[in-house]
Amino acid sequence: IWALGARGFRFGVTKAPAYILVNFLRDQLATWALSRDFVPLVTGAKGLAQTLTSSAALKRYNAFAGMAGVESDLIERAALKRDALTLRRKGFSAAPTKFGSILRTMEVTELASRLGHFDAAYKRALADGFTPEEAATEAAYAAHDVLDFSRRGSNMLQVARLIPFLNSTVQGLDAARRTLSGERNIHSAYRNLASPYLKAATGHPLSVAEKEALPNSARVWVKLGMIGMIGAALAALYRDDDEYEEFNDYMKATHWFFKVGGTWWRVPKPFELAMLSNAFEA
């Protein structure tokens, strides 16, 4: 019963029209910050077009990555054990059940960011000399690693079912931690957190993955600084504005506020990746 209640709550939040748009905007900055293959809004818009047209990139993504959103992933992982009829269907909305098809359609903006990221990483890997299959595997890893809903241990499964958004929060924090530290191995122990930096500093050989992850880590810190400057600029611009001071601290921690023509607008921050922005504003 608790699991059904949690699923109902999660469904109500993630399928709200306002959330669908806000989540797309938030994904643009989050994916850009954690990846070298993503251009905010541009890559996302390409992914949306590829999703809606059932492009070759979408078919490639479904074959190698195949994850749309948190709800459809949970349902399809169970349904695929007993239902292979989805293999006969075509297009983005293909799913083992009609309910799964509806969920996929409602998660179109979430998949758009992943698909755009996947296709950009795929083309980059091809340019680096990968074979098409190797490039698709690399792209699938990149698209999943920003926020992998399907990643959880057996001891965490029941807890994730009972507490909405717990697994997505944990995976988001872990993906940020690994990217910022230059650690690409998702199975690495936390005691090895600084090992890529220490190995590079002491002249020890680095793996191919570590050689790629360390420069990306430096890029991420620069991007976080750029995101932080957005918050610092807005805080300085409205430091004497009484209306700005009225917004509660929670909303300021999760959104940027700005005024256009006397009307206040807000833009969602990329959760944990807005840490420098919040620090600069404070």
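As a basis for the values below, the full set of heavy atoms in this structure was taken, side chains included, without hydrogen atoms, waters or symmetry mates.
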Query raised in the report: Is the charged tip of Lys59 near the ring of Phe64: under 6.0 Å from the six-membered ring centre and within 45° of its axis?
Result: no
Query - NZ or CZ of Arg60 within 45° of Phe118 ring axis and under 6.0 Å - result: no
Report task. Under the salt bridge (charged side-chain N to carboxylate O under 4.0 Å, His left out) rule, what do Arg177 and Asp174 come out as? Steps first, then yes or no, please. Result -> CA-CA 5 Å; Arg177 189 275 303 173; Asp174 186 61; 3.1 Å; yes
Supply the atom-to-atom distance [X] [atom1] to [Y] [atom2], rounded to the nearest 0.5 angstrom.
{"X": "Leu34", "Y": "Leu180", "atom1": "CG", "atom2": "CG", "value": "7.0 Å"}
{"X": "Glu110", "Y": "Arg26", "atom1": "CD", "atom2": "CZ", "value": "12.0 Å"}
{"X": "Gln50", "Y": "Leu115", "atom1": "CD", "atom2": "CG", "value": "5.0 Å"}
{"X": "Asp145", "Y": "Thr179", "atom1": "CG", "atom2": "OG1", "value": "6.0 Å"}
{"X": "Phe257", "Y": "Phe247", "atom1": "CZ", "atom2": "CZ", "value": "5.0 Å"}
{"X": "Arg178", "Y": "Asn216", "atom1": "CZ", "atom2": "CG", "value": "11.5 Å"}

Crowded around [X] [atom1]? As in, over 12 foreign heavy atoms under 6.0 Å?
{"X": "Lys46", "atom1": "NZ", "result": "no"}
{"X": "Phe271", "atom1": "CZ", "result": "no"}
{"X": "Lys259", "atom1": "NZ", "result": "yes"}

Requested in this report: Kindly say whether Leu21 contributes a backbone atom to a donor-acceptor pair with the side chain of Thr109 at under 3.5 angstrom?
Outcome: no
Report task. Ignoring hydrogens and angles, tell me if any N or O in the side chain of Arg114 forms a donor-acceptor pair with the backbone of Ala143 under 3.5 Å. Result -> yes
Query raised in the report: Which residues satisfy the side-chain contact (heavy atoms from CB on, under 4.5 Å) test with Asn248, sequence neighbours excluded?
Result: Tyr250, Met251
Report summary line: Sequence neighbours excluded, the answer for side-chain contact (heavy atoms from CB on, under 4.5 Å) partners of Leu234 is Ile230, Tyr238, Trp256, Phe258
Ignoring hydrogens, what is the shortest heavy-atom contact between [X] and [Y]? Give both atom names and the distance.
{"X": "Ala232", "Y": "Phe280", "answer": "CB-CB, 3.8 Å"}
{"X": "Ile227", "Y": "Ala33", "answer": "CD1-CB, 4.3 Å"}
{"X": "Trp265", "Y": "Thr263", "answer": "CD1-O, 3.2 Å"}
{"X": "Ser277", "Y": "Gly231", "answer": "OG-CA, 3.4 Å"}
{"X": "Gly172", "Y": "Glu272", "answer": "O-OE2, 3.3 Å"}
{"X": "Ala175", "Y": "Val146", "answer": "CB-O, 3.6 Å"}

Are [X] and [Y] joined in one hydrophobic group, where the rule is that I, L, V, M, F, W and Y side chains link up if heavy atoms are under 4.5 Å apart?
{"X": "Val13", "Y": "Phe24", "result": "no"}
{"X": "Trp264", "Y": "Val22", "result": "no"}
{"X": "Leu224", "Y": "Leu173", "result": "no"}
{"X": "Met226", "Y": "Leu273", "result": "yes"}
{"X": "Leu25", "Y": "Val42", "result": "no"}

Requested in this report: Taking atom types as modelled, find out whether Ser35 and His117 have a side-chain donor-acceptor pair closer than 3.5 angstrom.
Outcome: yes
Would you say [X] and [Y] make side-chain contact, with heavy atoms under 4.5 Å?
{"X": "Arg239", "Y": "Glu245", "result": "no"}
{"X": "Tyr61", "Y": "Tyr122", "result": "no"}
{"X": "Thr31", "Y": "Asp37", "result": "no"}

Donor-acceptor pairs under 3.5 angstrom involving side-chain atoms of residues 125-133: please list them, not counting sequence neighbours.
{"unit_1": "Thr131", "atom_1": "OG1", "unit_2": "Glu134", "atom_2": "N", "d": "3.1"}
{"unit_1": "Thr131", "atom_1": "OG1", "unit_2": "Glu134", "atom_2": "OE1", "d": "3.3"}

**Report entry** CA sep, side-chain torsions, deciding dist, call: Asn278, Lys269, side chain to side chain donor-acceptor pair (under 3.5 Å)
**Finding:** CA-CA 10 Å; Asn278 288 336; Lys269 294 179 180 178; 2.6 Å; yes
